[in-house]
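Have a look at the structure below, then the notes.
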Amino acid sequence: MSKAEVPLGQMGKRANFVFCFFYAKECTPYAGYELNDIPVVNLVLLQVRWDGLLGACGGTVESTDKSLEDALQREVQEEMNYIIDKSRLSPLKSLELFPEGHSHSYSYEMTYAELKKLRD
C-alpha cells in the first residue's frame with residue numbers, strides 16, 4: 001500500500017478520508033499531585049478505533065460534502081457529538097493511501113478545559 005505525500009487537500013478520484021487531531025498546549029493535568037515533576041504538558045485526544053488501535057476522529061468523505069472541512073465537521077459531529085469551528089482547523093498532511101485514494105489530516109487546537117470537556 002502506497003503512502004506517498006500529495007499536495008495538502010488534493011482530492012483522490014476514488015476515495016477520500018479525513019481525520020482530526022484535537023490537542024491542547026500547556027496543560028496542567030498533574031497539578032496538585034504530590035512529588036509532581038511534570039508541571040506542564042501538551043495533550044492530544046485520541047479515540048479507540050474499530051480495530052482496537054488508537055487513532056484520530058474522522059472517516060469517509062461523502063459525495064454530499066462540499067469540502068474536506070465540511071466532511072470533517074460532519075464526521076466529528078457523528079462520532080463525538082461535537083461541532084467544530086472550521087476556521088480553527090489546520091491542515092497537517094495529505095497522503096495517497098492507494099491508487100486514487102487519499103487521506104487528509106487536520107489539527108484542531110483547543111484549551112485544556114475544552115479538551116477535557118470533549119474527552120468527557
Side-chain angles (χ1 to χ4, degrees):
M1 174 161 53
S2 171
K3 289 188 181 175
E5 189 170 349
V6 296
L8 283 169
Q10 181 183 51
M11 297 287 277
K13 293 178 183 167
R14 200 168 96 197
N16 288 280
F17 307 93
V18 289
F19 299 97
C20 187
F21 292 89
F22 295 95
Y23 72 98
K25 294 180 182 177
E26 300 181 9
C27 305
T28 56
Y30 306 111
Y33 281 72
E34 189 176 333
L35 305 174
N36 176 20
D37 62 350
I38 309 172
V40 179
V41 296
N42 298 324
L43 297 174
V44 177
L45 182 65
L46 299 174
Q47 65 181 9
V48 179
R49 298 178 352 159
W50 59 271
D51 57 4
L53 299 175
L54 292 176
C57 181
T60 305
V61 177
E62 297 178 359
S63 60
T64 55
D65 295 318
K66 295 177 182 163
S67 68
L68 294 173
E69 292 81 4
D70 286 340
L72 192 53
Q73 187 177 51
R74 178 186 49 73
E75 284 290 340
V76 170
Q77 188 171 4
E78 287 175 4
E79 293 182 16
M80 302 178 85
N81 196 31
Y82 182 76
I83 298 173
I84 60 172
D85 174 357
K86 292 184 284 186
S87 70
R88 292 172 65 182
L89 287 171
S90 296
L92 291 173
K93 188 170 276 205
S94 293
L95 298 172
E96 178 184 32
L97 296 180
F98 49 85
E100 301 182 359
H102 295 168
S103 173
H104 312 277
S105 296
Y106 291 82
S107 65
Y108 192 92
E109 186 172 358
M110 311 178 91
T111 65
Y112 180 42
E114 289 174 318
L115 192 73
K116 287 194 308 184
K117 185 176 180 182
L118 180 58
R119 174 202 66 193
D120 294 341

Assigning hydrophobic clusters by single linkage (Ile, Leu, Val, Met, Phe, Trp, Tyr; side-chain heavy-atom cutoff under 4.5 Å), is [X] placed with [Y]?
X: Leu68; Y: Leu97; result: no
X: Leu95; Y: Leu8; result: no
X: Val40; Y: Ile38; result: no
X: Met11; Y: Tyr106; result: yes

*Okay, side chain of His104, backbone of Asn16: is any donor-acceptor separation there less than 3.5 Å?*
no
*Look only at the side chain of Tyr108 and the backbone of Asp85, and say whether a donor-acceptor pair between them is shorter than 3.5 Å.*
yes
*Report yes if the side chains of Val41 and Tyr30 come closer than 4.5 Å at any heavy-atom pair, otherwise no.*
yes
*Mind checking whether Phe98 and Arg14 have side chains closer than 4.5 Å, heavy atoms only?*
yes
*Identify, with sequence neighbours excluded, every residue that meets side chain to side chain donor-acceptor pair (under 3.5 Å) alongside Thr111.*
Glu114
Looking only at heavy atoms, what is the nearest atom pair of [X] and [Y], with distance?
X: Lys25; Y: Asn42; result: CA-OD1, 3.2 Å
X: Glu100; Y: Glu96; result: N-OE2, 4.0 Å
X: Ile84; Y: Leu72; result: CD1-C, 4.1 Å
X: Ala24; Y: Leu115; result: CB-CD2, 3.9 Å
X: Arg88; Y: Met110; result: NH2-CA, 3.4 Å
X: Gln10; Y: Ser94; result: N-OG, 4.4 Å

*Quick one: pull up CD in Glu75 and SG in Cys20 and give me the separation to the nearest 0.5 Å.*
11.5 Å
*Once you round to the nearest 0.5 Å, how far does CE of Met80 lie from SG of Cys57?*
5.0 Å
*How are the rings of Phe17 and Phe19 set relative to one another: parallel (under 30°), tilted (30 to 60°) or perpendicular (over 60°)?*
parallel
_Flag if over 12 foreign heavy atoms under 6.0 Å of NZ, Lys117_ = no
*asked:* Surrounding CD of Glu62 (heavy atoms of other residues, nucleotides or ligands, distance under 6.0 Å), is the total greater than 12?
replied: yes
*What's in the same ILVMFWY side-chain cluster as Leu46, cut-off under 4.5 Å, chained through other members?*
Phe21, Tyr23, Val44, Val48, Leu54, Leu92
_For Leu89, the option from Glu109, Glu69, Gln73 that meets side chain to side chain contact (heavy atoms under 4.5 Å, CB included)_ = Glu69
